[in-house]
Amino acid sequence: MLDDTKPLFIAVAEQIEDGILDGTYPEDSPVPSTNELAGFLRINPATAGKGLNRLADTGVLVKRRGVGMFVAVGATELLRQRRREAFARAYIAPLLREAEHLGIDPRELSEMITKEASR
């Protein structure tokens, strides 16, 4: 359920992000409380809270005093954009470097990707 290769609070935040992106938590809807997350995931409430606060600090969630945390309006697009940028850094940039090393120009690389995607 949680990725144990990274700090728990980051894994909690990423799990909520995934729920926002897949529609489990639509914009302007509540997310589970700190205690609900802690109980469900069997983790310390402080850890769950740290994950939620991380998302609030980055504008993905908004705190409504006395009510809880809600998905911010625009959070879905914000997350998609951040993940696209991370995808480009993690996969596209190294792919382009290797293609250049092998003498593959961008047009040929694009053709290779299109051909592979059609399989």
With sequence neighbours excluded, residues passing side-chain contact (heavy atoms from CB on, under 4.5 Å) with Arg97: Ala93, Pro94
Can you list, pair by pair, the side-chain donor-acceptor contacts under 3.5 Å of residues 110-117, counting residues two or more places apart and other chains?
from   : atom 1 : to     : atom 2 : distance (Å)
Glu111 : OE1    : Arg107 : NH1    : 3.3
Glu111 : OE2    : Arg107 : NH1    : 2.8
Thr114 : OG1    : Ser110 : O      : 3.0
Glu116 : OE1    : Arg119 : NH1    : 3.2

Hey, could you give me each pair passing salt bridge (charged side-chain N to carboxylate O under 4.0 Å, His left out) that has a residue in residues 70-87? Not counting sequence neighbours. Glu17-Arg83, Asp18-Arg83, Glu77-Arg84
Does Phe40 share a hydrophobic cluster with Met69, counting links as ILVMFWY side-chain heavy atoms below 4.5 Å and allowing steps through other members? yes
Among Leu37, Val71, Leu79, which residue meets the side chain to side chain contact (heavy atoms under 4.5 Å, CB included) test with Ile16? Leu37
Supply the members, apart from Ile10, of the Ile/Leu/Val/Met/Phe/Trp/Tyr cluster built from side-chain contacts under 4.5 Å; use none for a lone residue. Phe9
Residue pairs fulfilling ring pair (Phe, Tyr, Trp, His ring centres under 6.0 Å) with at least one residue in residues 98-119, sequence neighbours excluded: none
Give the minimum heavy-atom separation between Gly19 and Asp22, together with the two atoms involved. O-OD1, 2.9 Å
For Val73, the other hydrophobic cluster members (4.5 Å side-chain criterion, sorted by chain and number) are none
List the residues meeting side chain to side chain donor-acceptor pair (under 3.5 Å) with Asn35, not counting sequence neighbours, and say none if there are none. none
Taking side chain to side chain donor-acceptor pair (under 3.5 Å) as the definition, give me every residue that meets it alongside Asp105, ordered by chain and number, with sequence neighbours left out. none
If you link I, L, V, M, F, W and Y whenever their side-chain heavy atoms are under 4.5 Å apart, who else ends up in the same group as Val62? Val67, Phe70
For Glu108 and Gly103 the tightest heavy-atom approach is OE1-O, 4.3 Å
Provide the closest heavy-atom pair for Thr58 versus Leu78 in the form atom of the first, atom of the second, distance. O-CD2, 3.8 Å
Would Val12 end up clustered with Leu21 when hydrophobic side chains under 4.5 Å apart are linked, directly or stepwise? yes
Residue set satisfying side-chain contact (heavy atoms from CB on, under 4.5 Å) with Glu100, at least two apart, ordered chain then number -> none
Can you pull the salt bridge (charged side-chain N to carboxylate O under 4.0 Å, His left out) pairs that have at least one residue in residues 24-40, sequence neighbours excluded? Asp28-Arg64
Give every donor-acceptor pair under 3.5 Å between a side-chain atom in residues 43-56 and any protein atom, sequence neighbours left out.
from  : atom 1 : to    : atom 2 : distance (Å)
Asn44 : OD1    : Ala46 : N      : 2.7
Asn53 : OD1    : Lys63 : NZ     : 3.1
Asn53 : ND2    : Gly49 : O      : 3.1

